[in-house]
Participant: 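What follows is a single structure, and I will ask about it in a moment.
Heavy atoms only: backbone and side chains are in, while hydrogens, waters and symmetry mates are out. Just so it is clear, the structure is predicted and the values come from calculations on it, not from any experiment. Nothing fancy with the numbering, it's 1 onward along the sequence.
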Amino acid sequence: QVQLVESGGGLVQPGGSLRLSCAASGSIYSIRVMGWYRQAPGKQRELVAIITGDSITNYADSVKGRFTISRDNAKKMVYLQMNSLKPEDTAVYYCNADIVTYYGGTNYPYWGQGTQVTVSS
């Protein structure tokens, strides 16, 4: 009964900014690591950024210094602030979260449906 829903994607010009949001809902006991992944046409899905429950972060080299991941545990949300966007950032962005449910015995990875980010003039 867990659901992750992304929002905030769209079309932006090179050098512009976007903020993606992901809301988790359902029978959630706790959320461990949360992260953002992306997949461009013809490429493998890759890790963009992750954040632990203690706000320890890790970023792909391609986005370091430009993207910032954050989370709001009370709201069960994770965000991705994307600045200085480049055409090569164009991809479908997916939210991921390791979640412990009330009906499960351990954490399990859940995925959102994805949101399109297009960087173009």
Side-chain angles (χ1 to χ4, degrees):
Q1 298 293 332
V2 173
Q3 185 177 22
L4 300 179
V5 179
E6 301 100 332
S7 62
L11 176 65
V12 65
Q13 295 183 3
S17 298
L18 282 175
R19 190 175 83 147
L20 305 183
S21 300
C22 175
S25 62
S27 186
I28 299 172
Y29 177 73
S30 65
I31 303 177
R32 303 292 194 260
V33 176
M34 306 184 80
W36 290 93
Y37 295 73
R38 68 186 182 186
Q39 186 167 22
K43 294 185 177 181
Q44 295 178 288
R45 183 175 297 189
E46 65 176 349
L47 172 69
V48 177
I50 57 173
I51 182 168
T52 70
D54 295 324
S55 296
I56 299 173
T57 60
N58 192 19
Y59 298 89
D61 289 339
S62 59
V63 306
K64 286 182 178 178
R66 300 189 298 119
F67 291 10
T68 302
I69 188 171
S70 61
R71 64 190 289 168
D72 186 327
N73 292 327
K75 296 181 178 179
K76 297 182 177 63
M77 297 189 70
V78 62
Y79 308 93
L80 184 68
Q81 179 66 47
M82 304 184 293
N83 299 325
S84 302
L85 283 162
K86 305 174 181 180
E88 49 263 46
D89 294 319
T90 296
V92 177
Y93 284 70
Y94 297 90
C95 175
N96 171 261
D98 290 342
I99 294 174
V100 179
T101 64
Y102 285 111
Y103 50 82
T106 187
N107 62 299
Y108 186 86
Y110 290 85
W111 293 87
Q113 81 287 351
T115 185
Q116 177 70 48
V117 172
T118 302
V119 184
S120 176
S121 298

Participant: Which other residues end up in the same hydrophobic cluster as Ile50, if Ile, Leu, Val, Met, Phe, Trp and Tyr are linked when side-chain heavy atoms come under 4.5 Å apart?
Facilitator: Val33, Tyr37, Leu47, Val92, Tyr94, Trp111
Participant: Can you give each donor-acceptor pair under 3.5 Å made by side-chain atoms of residues 77-86, sequence neighbours left out, with the distance rounded to 0.1 Å?
Facilitator:
from	atom 1	to	atom 2	distance (Å)
Gln81	NE2	Asn83	OD1	3.0
Asn83	OD1	Ser17	OG	2.9

Participant: When you look at CD of Glu88, are more than 12 heavy atoms from neighbouring residues, nucleotides or ligands closer to it than 6.0 Å?
Facilitator: yes
Participant: Report the C-alpha separation of Ile51 and Trp36 in whole Å, then their side-chain angles, then the decisive distance to 0.1 Å, and conclude whether the side chain to side chain contact (heavy atoms under 4.5 Å, CB included) test is met.
Facilitator: CA-CA 9 Å; Ile51 182 168; Trp36 290 93; over 6 Å; no
Participant: So Leu11 and Ser120, do their side chains get closer than 4.5 Å, heavy atoms only?
Facilitator: yes
Participant: Taking the side chain as C-beta and beyond, is there a heavy-atom pair between Val117 and Arg38 under 4.5 Å?
Facilitator: no
Participant: List for me each residue that meets side chain to side chain donor-acceptor pair (under 3.5 Å) alongside Ser25, sequence neighbours excluded, and say none if there are none.
Facilitator: none
Participant: Decide yes or no on side chain to side chain contact (heavy atoms under 4.5 Å, CB included) for Val2 and Tyr108, but give the supporting numbers first.
Facilitator: CA-CA 10 Å; Val2 173; Tyr108 186 86; over 6 Å; no
Participant: Minimum heavy-atom separation for Asn107 and Arg32, please, with both atom names.
Facilitator: CB-CG, 4.4 Å
Participant: Using only atom types and a distance under 3.5 Å, with no angle test, would you say the side chain of Glu6 pairs donor to acceptor with the backbone of Cys95?
Facilitator: yes
Participant: Can you give me the closest heavy-atom contact between Gln113 and Val5, atom names plus distance?
Facilitator: OE1-CA, 3.7 Å
Participant: Atom CG in Asn73, atom OG in Ser55: separation rounded to 0.5 Å?
Facilitator: 7.0 Å
Participant: Quick check against the 3.5 Å criterion: does Tyr59 have a side-chain atom that pairs as donor or acceptor with the backbone of Arg66?
Facilitator: no
